[in-house]
Amino acid sequence: MAHKIELPRRTYVRTIYNFFPFPLSNSKKKFIGNWVLRGRKMESTNSFRLRKQALKPIETARSSASQRDEEEVSKNNGQRTCEEEPLSPSSRLYHEPNFNVYVIAIMGCKTRIYPDVVKANLGHTLLRHPRFSSLQVENNGEMRWVPTEVDLERHVIVPELDQNMDSPDKFLEDYVYNLSKTTIDKSQPLWDLHLLNLRTSQSEAVGIFRIHHSLGDGTSLLSLLLACTRQMNDSKALPTIPIRKKKDKKSDRIGIWRILLRFWFVLQVFWNTVVDVFMFIATALFLTDTQNPLKGLPGSESTPRRIVYRTVSLDDIKFVKNAMNTTINDVAFGMTQAGLSRYINRICENKKDGGATETNNLPKSIRLRSNLLVNIRPAPGIQALADMMEKDAEVKWGNWIGYVLLPFTIAVREDPLDYVRNAKAIIDRKKRSLEAFCTFYIADWALNLFGIKAASALSHKVISRTTMCFSNMVGPVEEIGFCGHPMAFLAPSSYGQPYALMINFQSYIDKMTIVLSVDEGTIPNPHQLCDDIVESLQIIKDAVMTRGLA
C-alpha cells in the first residue's frame, strides 16, 4: 500500500514557496505548485485523468473479418473493445516478482452483512472507477488497462461459516493469513471482497477488501473505499476527515531579519535533503540495517503474513499530544519506538545465558529504519472520488512514488516521554527535507535509463536493506456505514512487501487501531509485539499524569 507517516500533501510545495524572500501572488504560487507537483514530462507519461466513460467502441473502418476477430476478443473474459490505457511505470513495478504487493482492508461491522445489498451498491460506486473494472493485459512486453464486464460473483466471496466455532477471532486471523498465501487471477480486475458473517470480539461481521497495489497507492485506495461509505446519521453525507489547520503566525520581524530567517530555512532544507539523498544512495548500494529480531531474511516478500491488530483510545493519544505540544503522528511514532525497544530488549534478555536480570539488554547501537513509500502527487479527496463515481467528474489518479527513510531510535529510556520528544525531532527534520521528491526523480531516472527491471531491483534493495514500514492514516470522525452496514473498526495493511514487519495506525471516530503485518518466521509472537506498543502508550500517559503536564 504505497503508503506513509502523515506528511502534509503540500509540504514540499510550501517548502519551494519559502525559497523566495518576498511574498508570492496566488497566480505565481499556482504556477510553481503545478510545475513541482506535475512536471510536464511526467504528466504526459506517468499520469492520466480518470472519468466515468461510457464504454464506446473504437471507431475505425474494419472489414467483416476484422469485425469477427473483434467479437472473438470481446468474448474473451468478457473484455470489451474500447479505448485502452497503458499502465504507469509505478503500476508495472508492482507486477515484478519481488514486489507483488496487495493491500488489505479489514472492516468490522456492527450488524450482519447482506451480500446482495453490497453487490447492488458496488455496481454504482466502486465499479464506476475505471481501474476496478479493467483487466491488466500484457502484449509484446507492454501492459495496458482494458475495460471489461465485471462479474461480481467472482469478486464478492461469501464463505459458509460455522457460527458455533470455538474461537472466531482466531478463525478470522487464520483466514486473512491464508488469504495472503494467494493472488488474484489476472483474468479479472485485481480486487476482491470477502464477506464473513462471523461474530468476533469487536464486530458482528467482517468485510475484507483485497486490492492489488498496481491499482493505486494506499492513501488513494483507502480514500476511494471511504468515498463508497456514508455517515450513519445522514445517508447522503460523506465521511468527515479532519484536516490539520495551519496556525497563522503573525511575526513582527521585517526586513533583514525576515530574509535571514528564510535563508536559514533554505539552508536547513538543502542540507537535510543532501544528507537524506546520500543515505538513500548508500542504502541502495551497501548500507543495511543492523541484524535485529525484526529484520526479515531474504525472500520475505514471498512469505504469508499474520495480520493482528489492537484498538486503543484516540483520546489517550490526544491527551499526550496536548500535554507535550506535539502531534498525533509524534505520539504514534514515539509509542512505537517505545514498544519496539521493549520487544527487542526482551528478546535480547532471553538470549543471554543464565537468564540475565539487567534492565538494558540492548546492543550498544542498532540501526533500524522504516522505509516509507510516499506518493508525492496529492491523493484525490473523498469528495472528488465520490463526484467521479456519481457525477462524471474528472479525478487525477496515479503514483509518483518517492522514498523516505525514517530512523527509529531503539533504546531503554528512564524517562518514557523521551520517546515522544525524540519522535518529534525526527519527524520535524523530515518535514524540512525534499527527500521524497529527489528519490522519486532518482527512481524515475533509473526507470527511463535502465528499464523496469532495474527500477524494481533498486526499489527491492532499498526496502530489503531497511527493517520495516510504518504509516499513520487519518480516518472519519463520525460513525460511517459501508453499503448501509455500520462500521465498528477499520484495519488496513498489506502483504507481499520485502520486509518482515509493517505497522499501520488507523484512526476512526474516537479509536486508533494499530495493525501489524508480520512474517512469523521472523516474528513468531506478533501479539506480544502489539501488546508492547499498546502498553507503551499507557506508560507514556501515566508519566504525563504523574508530572502534572496535562
Begin with the C-alpha distance, continue with both residues' side-chain angles, and end with the deciding distance and a verdict on side chain to side chain contact (heavy atoms under 4.5 Å, CB included) for Lys430 and Ile427. CA-CA 5 Å; Lys430 286 294 180 180; Ile427 293 178; 5.6 Å; no
Could you walk me through whether Val474 and Ile328 pass the side chain to side chain contact (heavy atoms under 4.5 Å, CB included) check? CA-CA 10 Å; Val474 181; Ile328 291 178; over 6 Å; no
Report yes if some heavy atom in the side chain of Pro492 is under 4.5 Å from a heavy atom in the side chain of Phe209; otherwise report no. no
Leu417 and Leu549, any side-chain heavy atoms less than 4.5 Å apart: yes
Quick check against the 3.5 Å criterion: does Thr303 have a side-chain atom that pairs as donor or acceptor with the backbone of Ser300? yes
Between Glu138 and His95, do the side chains contain an N or O donor and an N or O acceptor separated by less than 3.5 Å? no
Are Ser536 and Arg342 packed together at the side-chain level, in the sense that at least one heavy-atom pair is separated by less than 4.5 angstrom? yes
Among Leu340, Leu362, Asp532, Ile410, the one residue meeting side-chain contact (heavy atoms from CB on, under 4.5 Å) with Asn345: Leu362
Any salt bridge linking Asp289 with Lys295? Criterion: basic side-chain nitrogen under 4.0 Å from a carboxylate oxygen. no
Please name the pair of heavy atoms, one in Ser370 and one in Phe408, separated by the smallest distance, quoted to 0.1 Å. CB-CE1, 3.4 Å
In short, Phe132 meets Trp191 closest at the heavy-atom pair O-NE1, 2.9 Å
Given 3.5 Å as the limit, does a donor-acceptor pair link the side chain of Ser302 with the main chain of Gly299, or not? yes
Could you point out which residue of Val103, Ile104, Thr183, Leu190 forms a side-chain contact (heavy atoms from CB on, under 4.5 Å) with Arg210? Ile104
Short side-chain to backbone donor-acceptor contact, Arg305 and Ser494, under 3.5 Å: no
Backbone N or O of Leu405 within a donor-acceptor pair of the Glu435 side chain at under 3.5 Å? yes
Does the pair Asn371 and Thr283 meet the rule for a side chain to side chain contact (heavy atoms under 4.5 Å, CB included), with working shown? CA-CA 11 Å; Asn371 194 309; Thr283 301; over 6 Å; no
Counting C-beta onward and ignoring hydrogens, is there a side-chain heavy-atom pair between Gln136 and Trp145 closer than 4.5 Å? yes
Mark yes or no for whether Ser507, through its side chain, and Gly475, through its backbone, hold a donor-acceptor pair below 3.5 Å. yes
Side-chain heavy atoms of Ser517 within contact of Gln497, under 4.5 Å: yes
Do the non-hydrogen side-chain atoms of Asp330 and Met324 ever get within less than 4.5 Å of each other? no
Atom pair NE2 (His460) and CZ (Arg465), whose distance is rounded to the nearest 0.5 Å: 10.0 Å
Side-chain donor or acceptor of Tyr343 paired with backbone N/O of Pro293 under 3.5 Å: no
If you compare all heavy atoms of Asn504 against all heavy atoms of Ser471, which two are closest, and at what distance to 0.1 Å? ND2-OG, 2.5 Å
Check Val412 against Tyr419 and note the closest heavy-atom contact, atom names and distance. CA-OH, 3.7 Å
Can you tell me how far CG of Leu87 sits from OG of Ser214, rounded to the nearest 0.5 angstrom? 6.0 Å
Distance in Å, Thr466 OG1 paired with Leu501 CG, rounded so as to fall on 0.5 Å steps: 10.5 Å
Mind checking the SG-CD1 spacing from Cys530 to Ile523? Nearest 0.5 Å is all I need. 11.0 Å
For the residue pair Lys318 and Val331, establish whether any side-chain heavy-atom pair is separated by less than 4.5 Å. no
Once the angle between the rings of Tyr495 and Tyr102 is folded into 0 to 90°, is it parallel (under 30°), tilted (30 to 60°) or perpendicular (over 60°)? parallel
Contact summary for Gln506 and Leu490, nearest pair of heavy atoms: CG-O, 3.4 Å
Any side-chain heavy atom of Asn100 sitting closer than 4.5 Å to one from His212? yes
CG on Leu224 to OG1 on Thr219, rounded to 0.5 Å: 12.5 Å
Between atom CD1 of Ile344 and atom CG of Leu529, what is the distance when rounded to the nearest 0.5 Å? 8.5 Å
Of all heavy-atom pairs linking Ala500 and Leu294, the shortest is CB-O, 3.8 Å
Is a donor on one side and an acceptor on the other found under 3.5 Å between the side chain of Asn292 and the backbone of Thr290? yes
Does anything in residues 92-103 form a salt bridge (Lys or Arg N to Asp or Glu O under 4.0 Å)? List the pairs, not counting sequence neighbours. Glu96-Lys453
Salt-bridge contact Asp276-Arg429 (side-chain N to carboxylate O under 4.0 Å): yes
Within the side chain of Thr273, is there an N or O that forms a donor-acceptor pair under 3.5 Å with the backbone of Leu434? yes
Does NZ belonging to Lys321 count more than 12 external heavy atoms closer than 6.0 Å? yes
Worked verdict on Ser456 versus Asn98 for side chain to side chain contact (heavy atoms under 4.5 Å, CB included): CA-CA 8 Å; Ser456 174; Asn98 57 7; 2.9 Å; yes
